[in-house]
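Here's the structure, in structure tokens; my notes come after.
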Protein chains: 2
Amino acid sequence: MSAIGFEEHDHHHCIADAMQNAEALCATNSLKFTPTRRRVLEILLDRHQAMGAYDILEVLAVEGMGSQPPVAYRALDFLVSNGLAHKIERLNAYVACSHQGEDHTPGFMICTECKTVAEVPAASVRSILGEAASQTGFRVDRAMIEAEGVCANCQEHPA
Amino acid sequence: MSAIGFEEHDHHHCIADAMQNAEALCATNSLKFTPTRRRVLEILLDRHQAMGAYDILEVLAVEGMGSQPPVAYRALDFLVSNGLAHKIERLNAYVACSHQGEDHTPGFMICTECKTVAEVPAASVRSILGEAASQTGFRVDRAMIEAEGVCANCQEHPA
DNA sequence: GACAAGTCCGTTATGTTATAACATATGCGC
DNA sequence: GCGCATATGTTATAACATAACGGACTTGTC
């Protein structure tokens, strides 16, 4: 499957695939992939869009899996810390990671029309940043890039 | 003066300089550089750090320049829209721009120890992102990069 | 100068995002 | 079964941000 979120793809397959990867990752690292955590990842994968914590919480509440903010935030923290999801700071929202397991500096393209968020490999961004940083002795621990714009689909078919 | 915020520099001079640039920019573009807006920029320049809107508001309140959130947010909106300041999404905080007037995709290095934020020229980041984007037809309108780590000074002198 | 239009400011109220703190429960090694 | 670490449920609140409205001030036009 392509890494680019704006393309058509076998959605059902990509969800199953990602869930399986997540299972494997958790098994390997002795992480507890609890029902809530699992369900939150499924929800994110299913939407294939950035979702606010309270949007996720709403879904969980309907399903009787908890209704207080910490429920959502704890699951999201787990997913983000373990590279299964990312936070889009610009939107205060969360997306499932589309490059599980790869060591990547996440780069995101956010379509302001359809709200879809595509994760792009941004390894080269990291190297450039690292270069700028090393000149001043700055040690980069985490980096992120977020771009806002309009995806090809929305350019062709304006709302 | 260097663009890199972690180096020693003539702080007083850099404030005066930036304020003068801001004056000029506003004059040129018929923007109203009102007392509140001016003061907020001064505060940001003076701290030379990322500040939350409510931190700024507190300073304004002490000085009798308004005590309600919109006062701070309106001034910040003005500064950000006109390129005189940037919002650090990661921190929900604001910094004065250190490259006034240049057409730049802002890149930030955030020291998690001392909270200093350095703005780095990131023109090349934009071009790389543009390349990745053009492959999928995505049109980039705005982009930002934020890196967290530890600055040279804090590496040498841990707290 | 009088007026209209636009912009900015003061204020109240509220919306949205996120976390602290503490009690309870669950799983796991021994 | 006991003790420890981790996860969950819950209450409360902190932190960040904006809507909406009225009044003041500026600016351009006649």
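Letters A, B, ... mirror the listed sequences (proteins, then strands); counts begin at 1. All values derive from a computational prediction rather than experimental measurement.
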Between D/dA14 and A/Y73, is there an OP1 or OP2 to side-chain N/O distance shorter than 4.0 Å?
no
Quick one, B/M19 with B/L41, criterion side-chain contact (heavy atoms from CB on, under 4.5 Å). Give me CA distance, side-chain angles, the key distance, then yes/no.
CA-CA 8 Å; B/M19 289 304 294; B/L41 181 55; 3.9 Å; yes
Integer-rounded Å distance: D/dC16 P and B/E89 CD
13 Å
Atom pair distance, as rounded to whole Å: CD1 in A/I56 and P in C/dA18:
10 Å
Rounded to whole Å, please give me the gap between CG in B/L91 and P in D/dA17.
11 Å
Short side-chain to backbone donor-acceptor contact, A/E119 and A/F108, under 3.5 Å
no
Of all residues at least two apart in sequence or in a different chain, which pass the side chain to side chain contact (heavy atoms under 4.5 Å, CB included) check with B/Q20?
none
Only pairs under 3.5 Å count here: list side-chain donor-acceptor contacts from residues 74-84 of chain A, not counting sequence neighbours, and write none if there are none.
from: A/S81; atom 1: OG; to: A/D77; atom 2: O; distance (Å): 2.4
from: A/N82; atom 1: ND2; to: A/F78; atom 2: O; distance (Å): 2.8

Helix axis bend for the helix from C/dG1-D/dC30 to C/dC30-D/dG1 - C1'-based end axes, five pairs, 10° rounding:
30°
Which letter, B, S or -, goes with each nucleotide of nucleotides 4-10 of chain D from 5' to 3', with contact meaning a protein heavy atom under 4.0 Å?
---SBBB
Remember a base hit wins even if backbone is also touched, and classify A/F33 as base, sugar-phosphate or nothing at under 4.0 Å, heavy atoms.
nothing
Would you please indicate if the ring centroids of A/H86 and A/Y94 are separated by under 6.0 Å?
no
Below the 4.0 Å mark, does C/dA18 have OP1 or OP2 next to a side-chain nitrogen or oxygen of A/Y94?
yes
Rounded to the Å, how far apart are A/Y54 OH and D/dC16 P?
14 Å
Nearest whole angstrom, please: distance from the P of D/dA15 to the CE of B/M51.
15 Å
Any salt bridge (Lys or Arg N to Asp or Glu O under 4.0 Å) pairs touching residues 140-151 of chain A, not counting sequence neighbours?
A/R90-A/E148, A/R139-A/D141, A/R142-B/E148, A/E148-B/R142
I'd like to know if the side chain of B/Q49 and the backbone of B/C114 have a donor-acceptor N/O pair within less than 3.5 Å.
yes
Please report the distance, rounded to the nearest Å, between CG in B/L76 and C1' in D/dT18.
13 Å
Per-pair distances, 0.1 Å, donor-acceptor, side chain in residues 50-62 of chain B, under 3.5 Å, sequence neighbours excluded:
from: B/D55; atom 1: OD2; to: B/G52; atom 2: N; distance (Å): 3.2

Rounded to the nearest Å, what distance is computed from the CG atom of residue B/L57 to the C1' atom of nucleotide D/dA17?
12 Å
Separation of B/D77 atom CG from C/dT7 atom P, in whole Å?
15 Å
Please check the phosphate of D/dA17 (OP1 and OP2 only) for any side-chain N or O of B/K87 closer than 4.0 Å.
yes
Distance col, row A/T34:OG1 vs A/R38:CZ, nearest 0.5 angstrom, shows 8.0 Å
A/N92 side chain N/O closer than 4.0 Å to the phosphate oxygens (OP1, OP2) of C/dA18?
yes
